[in-house]
4 protein chains.
Amino acid sequence: MTCDAIVNAAARVLSTEGIDRCSTNRIAEVAGVSIGSVYEYFENKQAIIDAVALRHLDRISSMFDNAIVVLGDNADLQTVVRVLVEAVIAAHGHDVRLHRSLSQEVPLSEHVLRKAEEFKHRTVLSIQRLLGDHLGTSDLSAQIVFDSVDSIVHRWARDCEHKPVPRERLSAELIRLLEGYLTYR
Amino acid sequence: MTCDAIVNAAARVLSTEGIDRCSTNRIAEVAGVSIGSVYEYFENKQAIIDAVALRHLDRISSMFDNAIVVLGDNADLQTVVRVLVEAVIAAHGHDVRLHRSLSQEVPLSEHVLRKAEEFKHRTVLSIQRLLGDHLGTSDLSAQIVFDSVDSIVHRWARDCEHKPVPRERLSAELIRLLEGYLTYR
Amino acid sequence: MTCDAIVNAAARVLSTEGIDRCSTNRIAEVAGVSIGSVYEYFENKQAIIDAVALRHLDRISSMFDNAIVVLGDNADLQTVVRVLVEAVIAAHGHDVRLHRSLSQEVPLSEHVLRKAEEFKHRTVLSIQRLLGDHLGTSDLSAQIVFDSVDSIVHRWARDCEHKPVPRERLSAELIRLLEGYLTYR
Amino acid sequence: MTCDAIVNAAARVLSTEGIDRCSTNRIAEVAGVSIGSVYEYFENKQAIIDAVALRHLDRISSMFDNAIVVLGDNADLQTVVRVLVEAVIAAHGHDVRLHRSLSQEVPLSEHVLRKAEEFKHRTVLSIQRLLGDHLGTSDLSAQIVFDSVDSIVHRWARDCEHKPVPRERLSAELIRLLEGYLTYR
DNA sequence: GATGAATGAGCTTTCATTCAT
DNA sequence: CATGAATGAAAGCTCATTCAT
């Protein structure tokens, strides 16, 4: 309860006020608990930030896992690409401001970065399995598939407030990008 | 002179010690001037960071402009794509650690972000001019061209210390990505 | 039972971890009771420390009393001096680390200091009775007898880890000191 | 100036309010400077305490050195003993409350303890030189001479507020103690 | 312009103590 | 009696900024 309130508060402060205003005292205040309680549940400030990041990563991770499970084993290229693009967009849409803060201004600890790396690795492996026939022999191709979509969506999410590009157009264009890449030559 | 020394020092500290150690006093120390002098030339710390970021952006910007000038008006798709990819890789290679610090840990002010936006807009316009025939009617395509390459190279530069992927393989794969995208359908 | 467990725990933490680590929560943890229980039995932290100190004083005190009882009324100077020196050394040897902590880093309350003063006063009176013939008229002599031995042994106990002087040599030298003092002129 | 003010303030707070109230903020307040200035001159709190202790040690040390220089090389036992006892009493009289605080409640760093050890060692060597003929072969004797006087005077200084023993009587008794020790057998 | 001693708001963290259960 | 989550005052310390020289 209290523990969740603290993580929620930290996520909220990070999203809405940025890391500079995200002091332990502010977190406690927003969580509606005393600063002492914060340190009952977390060893230090970094541990709070890590908890926020891990929870966010978990949510994104399970969105992906679901999408991939839904695809099953025999989906055709078009379907795979579409589902993949939609999953990435959905994942970024989940909590845009928090996502931005976590990926741009917050210093994450090794532990969290490793977890994120593991997530990406798992996802790249899934892509390899799903698109194996269409990829070159190199494992770089699957990475390019993941990174191109992920990073473009990331920028779209970052900028979508002052430069609103409709989600459907983005989706269509990314699908074209991947289909082109995967069928070229 | 003094002003340049300060910006140089800030860039160096940011690159080598990270934003956490980049205090105004440390900047002054590395620049070999007094903290008082720092405030003669810059209104506050943010102004120094902004100056570093703007200078970095200018350098990258002119690297691009040169590449585009070199291309001239009648280059074929293959050439445009290759030059573009190489230019992006070269730009990120210019000062990797500073680039990483500026794009990951440093909070940039609105003013700088707008300048970066302007640079991107100019570049997208150039891409539109160079690749007009191969793009759809929408300006989104040119953005995708730019963002896919830029953001993948960005990640490559970020991760290249512990996961070294040879520059040539990256380049080849990105060229395939763009050629596929631009020739699909 | 619980009360004893708390005092034991406090003594142990004080001896082995020092006053800096001797928080009430740590005491409760080592005692195997909740922090709430600690405050059922003791009004505040100082009261715990005082209990530890008083128990230690009691033990030392009874070691002395025993030694003096053993001496009886008709012991000669040599015997009295020898027994006294041995008693002081034994007392300091009882729980060296706790003794050191209590006498060097722990702030004791008035109440405990008064008790310690009373113990010293009783001991000085015993010395006066035992050595009456060899002392001047002043009670200062008995105090010098006590303090010289007690404080030198105290330093010996404090330093004996890095500068080990054999117990026998210390004892012999202190006996010489007292015999010289008591037979001079 | 500011640096001295800080050390003075720390010494005063330590003497009059004890280590528990001797926070860095209190030191700054008493010194009449801001907390920031304290950290301009001292790396951390321990460094301030150390500076206080070292200054105190220096003063005591030079009082001793003077006394020993005054004695010259050919002083007889009576003179040496008298001057020694007076020097110890004078040293402890210098700043009783600070002395008490430094020796009882303040945790001193290794560096300071080593300096204090060096001072004691130098003094014991001087005693050996001055009293060589009257001491046994062991170096323990010179230490006993020093420690007995030093520690008894230390207690006298500690207690002299509520149990005032005249300085002359203490001096006379200590002289008897040393003369007895040094002439016995 | 240049200096750098001085400032003080605000940070992270600890720990003696309380009180509803 | 026992519990332990919760408290919050206060600690040590940092650093962007100022201003008298």
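No experiment lies behind these values; they were computed from the predicted model shown. All chains are named by letter (A, B, ...) in the order of the sequence lines, taking the proteins before the strands, and each is independently numbered beginning at 1. The basis for the numbers below is simple: all heavy atoms, side chains too, and nothing from hydrogens, waters or symmetry mates.
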Send over the distance from I6(A) CD1 to dA5(F) P, rounded to a whole Å. 12 Å
Residues within residues 19-32 of chain A bordering DNA chain E, heavy-atom distance below 4.0 Å: S23(A), T24(A), N25(A)
How do C3(A) and S34(C) order along DNA chain F: which one's closest nucleotide is nearer the 5' end? S34(C)
Rounded to the nearest 0.5 Å, how far apart are OH of Y41(D) and CG of D4(D)? 10.0 Å
Return the 5'-most residue of the pair Q46(C), T2(B) with respect to DNA chain E, ranking by each residue's nearest nucleotide. T2(B)
Within the 4.0 Å heavy-atom criterion, would you say Y41(D) contacts the bases, only the backbone, or no part of the nucleic acid? sugar-phosphate
Name the residue closer to the 5' end of DNA chain F, choosing between G36(A) and I35(C) according to the nucleotide with the nearest heavy atom. I35(C)
Which nucleotide in dC13(F), dT3(E), dA6(F) has an atom nearest any side-chain atom of K45(D): dC13(F)
Stem list, DNA chain E (Watson-Crick or G-U pairing under 3.5 Å, at least 3 consecutive pairs): E:2-21 with F:2-21
Considering only dG8(F), dT7(E), dT3(F), which nucleotide approaches the side chain of V33(C) most closely? dT3(F)
Whole-Å gap separating P (dA11(F)) and CD (E17(D)): 11 Å
Using a heavy-atom cut-off of 4.0 Å across all strands, would you classify V38(A) as base, sugar-phosphate, or nothing? nothing
Does any non-hydrogen side-chain atom of V52(C) lie less than 4.5 Å from one of L98(C)? yes
Would you say Y39(C) reaches dT17(E)'s phosphate, i.e. side-chain N/O to OP1/OP2 under 4.0 Å? yes
Side chains of H92(A) and H99(A): is there a donor and an acceptor less than 3.5 Å apart? yes
Among dT3(E), dT7(F), dT3(F), the one nearest any side-chain atom of E40(C) is dT3(F)
Looking at S37(C), does any N or O in its side chain come under 4.0 Å of the phosphate oxygens OP1/OP2 on dT3(F)? yes
Determine whether D20(A) and E105(A) make a side-chain contact, defined as any pair of heavy atoms from C-beta on separated by less than 4.5 Å. no
Does the pair H154(A) and S103(A) meet the rule for a side-chain hydrogen bond (donor to acceptor under 3.5 Å, both in side chains), with working shown? CA-CA 9 Å; H154(A) 188 75; S103(A) 57; 3.3 Å; yes
Using whole Å, what does the distance between atom P of nucleotide dC11(E) and atom CG of N44(A) come to? 17 Å
Give a yes or no on whether a salt bridge exists between E117(B) and R114(B), defined as a side-chain N under 4.0 angstrom from a carboxylate O. no
Take atom CD1 of I49(B) and atom P of dT17(F), then tell me their distance rounded to the nearest Å. 11 Å
Measure the distance from CZ on F42(B) to P on dG1(E) and round it to the nearest whole Å. 13 Å
